[in-house]
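Only one structure is covered here, and it is reproduced in the block below.
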Amino acid sequence: MKQQLSLVILILLSMVAYAQKPLSFDEYKKQQEEQFNSFKNKAQADYDAFRQKVNQEYADFMRKAWKEFEVQEPLKPEPEPVVEPIIREEPEPEPKPQPKPEPEPEIEPEPEDEPQPQEEPEPQPQPEPEPEPEPEPIPVQPTVIIVPEPEPAPEPIAPVQPQKVPYKTVSLSYFGTLVSVAFPENDGFHINGLTENDLADAWQQLSQSKYDVTTKSALAARDNLCLCDWAYMKLLQEVTEKQYKKSNEAILMQAFLLVQSGYRIRFGVFNNRLELLVASDYEIYDYSYYKLDNTNFYVVSGDKCGRMRICESKYGKERALSMQIAQLPNLEEEQTPKRTLSSKKGVTSSVSVNKNLLDFFNTYPSSAIDGNFTTRWAAYANTPLEQSIKDMLYPPLKRTISQMNQYQAVNILLNWVQTSFVYEYDDKVWGGDRAFFAQETLFYPYCDCEDRSILFSRLVRDLTGLEVVLLYYPGHLATAVAFTEDVKGDYLIYNKKKYIVCDPTYINSNVGETMPSMKQYQAQVIVL
């Protein structure tokens with residue numbers, strides 16, 4: 001009986017399935033889209049609820065009493081390298097061989113008794129010259145400085161998908177590039193006061209869903225322009241000040257957008273004004289800071305501050321600001337006048353630089369990692385050159401070295417950096433220490449040893465693919481290259497590789513020659 005009943009049910013189900021009209025392709029596609037949109041909308045609703053919950057908890061914490069902290073004086077870099085550039089004396093050219101004088105005709109002597117033949121002495125074997133000993137490795141300090149890899153930009157605590165609400169765009173020229181960020185049409189954001197409750201109420205205003213469009217468009221601008229952390233922070237400062245002028249509303253909106261974007265910030269009240277404090281694991285020079293949770297929080301406005309009342313509220317998976325530039329900001333091109341650079345060995349190349357990028361670099365502060373001021377040069381050396389510079393500068397250099405071995409090629413690049421630029425001290429030109437990105441060395445009329453080493457390290461890596469490290473001596477910066485062919489000269493061993501010294505400030509020196517005044521010192525290795 002059960003078997004018969006099961007058979008009847010199976011037949012009925014088959015009949016129902018057969019009776020259903022099969023879906024067309026368009027109907028099937030529409031059905032799938034509806035199912036996906038239903039899933040996406042539910043997921044976004046969950047994200048929105050989660051973000052609202054976190055923002056509410058943040059605001060609730062803000063209502064608690066804030067603590068007062070003492071300001072820390074801005075950090076200053078160690079004295080810059082001040083070594084005198086040395087010009088290596090080139091050997092005098094060997095004299096050209098003079099033609100031998102014609103021999104005078106011999107006068108036959110009068111016949112005498114025939115001389116007796118004398119036995120010639122057997123030639124004595126000459127001792128072979130002893131090979132010159134290979135130079136000893138340069139002493140390297142036990143601690144080699146390794147700079148961490150640049151981190152990707154942080155992600156918001158949850159995906160942001162704004163609802164369709166009326167909005168307006170705030171547009172501005174950001175280092176010559178048009179940028180637009182959306183704000184709700186009925187913005188009306190206002191802070192009633194600077195008490196804990198006033199600011200918590202203001203945070204709740206910004207947590208409304210209508211401001212999702214602002215967060216979303218700010219993150220889109222960051223991604224489209226390939227902005228590093230510092231560049232993104234500067235953009236938010238300019239956008240919010242255009243919308244709210246230089247006000248407490250602008251500061252709190254900056255803080256809100258940075259928090260929603262995944263950055264670790266705090267803010268405080270000093271002299272009836274709000275101040276934004278941004279955390280960084282880097283020591284940023286010339287900016288005052290506050291020490292919270294064993295982390296430096298910098299006053300990025302540059303304002304002079306003192307004892308400050310600070311909100312210590314934390315937000316999700318916040319991340320500290322990185323000071324490395326893994327990718328150049330995608331700024332509009334405004335080329336500087338072309339500059340022609342010629343070396344003493346006759347290698348000539350021309351270049352122009354994006355002025356908008358130079359203006360951005362002017363805002364970029366010097367910074368160090370783990371309290372070691374030598375690491376600041378790695379951030380400059382690891383920043384890439386833009387493609388427009390490579391397209392103009394590199395072809396003549398490539399053609400010159402294309403048929404050379406590694407020693408010859410690097411020697412050409414070394415001499416090009418040594419003799420194409422004019423050396424001058426930063427104090428004389430800038431009134432203080434100023435390290436250059438490679439682009440800046442190609443533009444400005446003067447440079448010093450750190451600038452030359454940074455540019456040379458970039459050229460060698462891009463044009464030969466060889467590894468380079470920076471070498472720091474007391475008062476001097478040079479480089480060393482890891483050749484994969486046998487190259488002689490002063491060297492050091494790092495990570496089981498042999499790095500040959502190359503000094504862009506030792507004018508006319510070749511690969512493998514250490515500046516004589518530096519041989520008495522230990523060289524510290526900065527890994528790029």
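Just so we're clear, the structure is a prediction, and the values are computed from it rather than from any experiment.
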Looking only at side-chain N and O atoms, does [Y] offer a donor or acceptor that is under 3.5 Å from a partner on [X]?
X: Ser261; Y: Tyr232; answer: yes
X: Asn356; Y: Tyr174; answer: no
X: Asn197; Y: Thr195; answer: no
X: Asn372; Y: Glu283; answer: no
X: Asn296; Y: Tyr298; answer: yes
X: Ser352; Y: Thr336; answer: no
X: Asp201; Y: Gln205; answer: no
X: Tyr211; Y: Gln260; answer: no
X: Asp462; Y: Tyr394; answer: yes
X: Gln56; Y: Ser207; answer: no
X: Asn55; Y: Gln204; answer: no
X: Tyr282; Y: Gln324; answer: yes

Ring centres under 6.0 Å, that's the criterion: do [X] and [Y] meet it?
X: Phe373; Y: Tyr472; result: yes
X: Phe436; Y: Tyr444; result: yes
X: Tyr58; Y: Tyr315; result: yes
X: Tyr289; Y: Phe297; result: no
X: Phe437; Y: Phe361; result: yes

Expected output: side-chain [X] to main-chain [Y] donor-acceptor under 3.5 Å:
X: Ser247; Y: Tyr244; value: yes
X: Thr363; Y: Asp359; value: no
X: Gln439; Y: Leu357; value: no
X: Ser350; Y: Lys338; value: no
X: Asn354; Y: Gln335; value: no
X: Arg461; Y: Val468; value: no
X: Ser349; Y: Leu393; value: yes
X: Thr177; Y: Glu332; value: yes
X: Thr169; Y: Ser171; value: no

Would you say the side chain of [Y] lies within less than 4.5 Å of the side chain of [X], judging by non-hydrogen atoms?
X: Thr441; Y: Ile454; value: no
X: Met323; Y: Ile284; value: yes
X: Ser388; Y: Val353; value: no
X: Phe270; Y: Asn272; value: no
X: Lys291; Y: Glu70; value: no
X: Met233; Y: Val278; value: yes
X: Val299; Y: Tyr290; value: yes
X: Lys497; Y: Glu467; value: yes

Between [X] and [Y], does any side-chain N to carboxylate O distance fall below 4.0 Å?
X: Lys64; Y: Glu196; answer: no
X: Glu68; Y: Arg307; answer: yes
X: Lys53; Y: Glu57; answer: yes
X: Asp187; Y: Lys210; answer: no
X: Arg266; Y: Glu312; answer: no
X: Arg434; Y: Asp451; answer: no
X: Asp448; Y: Arg452; answer: no

Relative to the ring of Phe267, is the ring of Trp66 parallel (under 30°), tilted (30 to 60°) or perpendicular (over 60°)?
->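 Trp66 vs Phe267 ring planes: perpendicular.
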From the list Thr479, Leu528, Val525, side-chain contact (heavy atoms from CB on, under 4.5 Å) with Val469 holds only for Val525
So which of Leu252, Leu236, Val239 actually passes side-chain contact (heavy atoms from CB on, under 4.5 Å) with Leu257?
-> Leu236
Heavy-atom count check: over 12 atoms from other residues, nucleotides or ligands less than 6.0 Å from [X] [atom1]?
X: Asp370; atom1: CG; result: no
X: Tyr446; atom1: OH; result: no
X: Tyr167; atom1: OH; result: no

Search all heavy atoms of Leu470 against all heavy atoms of Ala381 and return the closest pair with its distance.
-> CD1-CB, 4.4 Å
Which atom pair, heavy atoms only, marks the closest approach of Pro154 to Arg222?
-> O-NH2, 3.0 Å
Residues Ser288, Glu73; criterion side chain to side chain donor-acceptor pair (under 3.5 Å); working and verdict = CA-CA 5 Å; Ser288 57; Glu73 289 299 315; over 6 Å; no
Give the C-alpha distance, both sets of side-chain angles, the deciding distance and a yes or no for side chain to side chain contact (heavy atoms under 4.5 Å, CB included) between Ser367 and Trp230.
-> CA-CA 12 Å; Ser367 62; Trp230 183 266; over 6 Å; no
Take Ile265 and Leu277 through the side chain to side chain contact (heavy atoms under 4.5 Å, CB included) test and state the conclusion after the steps.
-> CA-CA 6 Å; Ile265 66 98; Leu277 311 175; over 6 Å; no
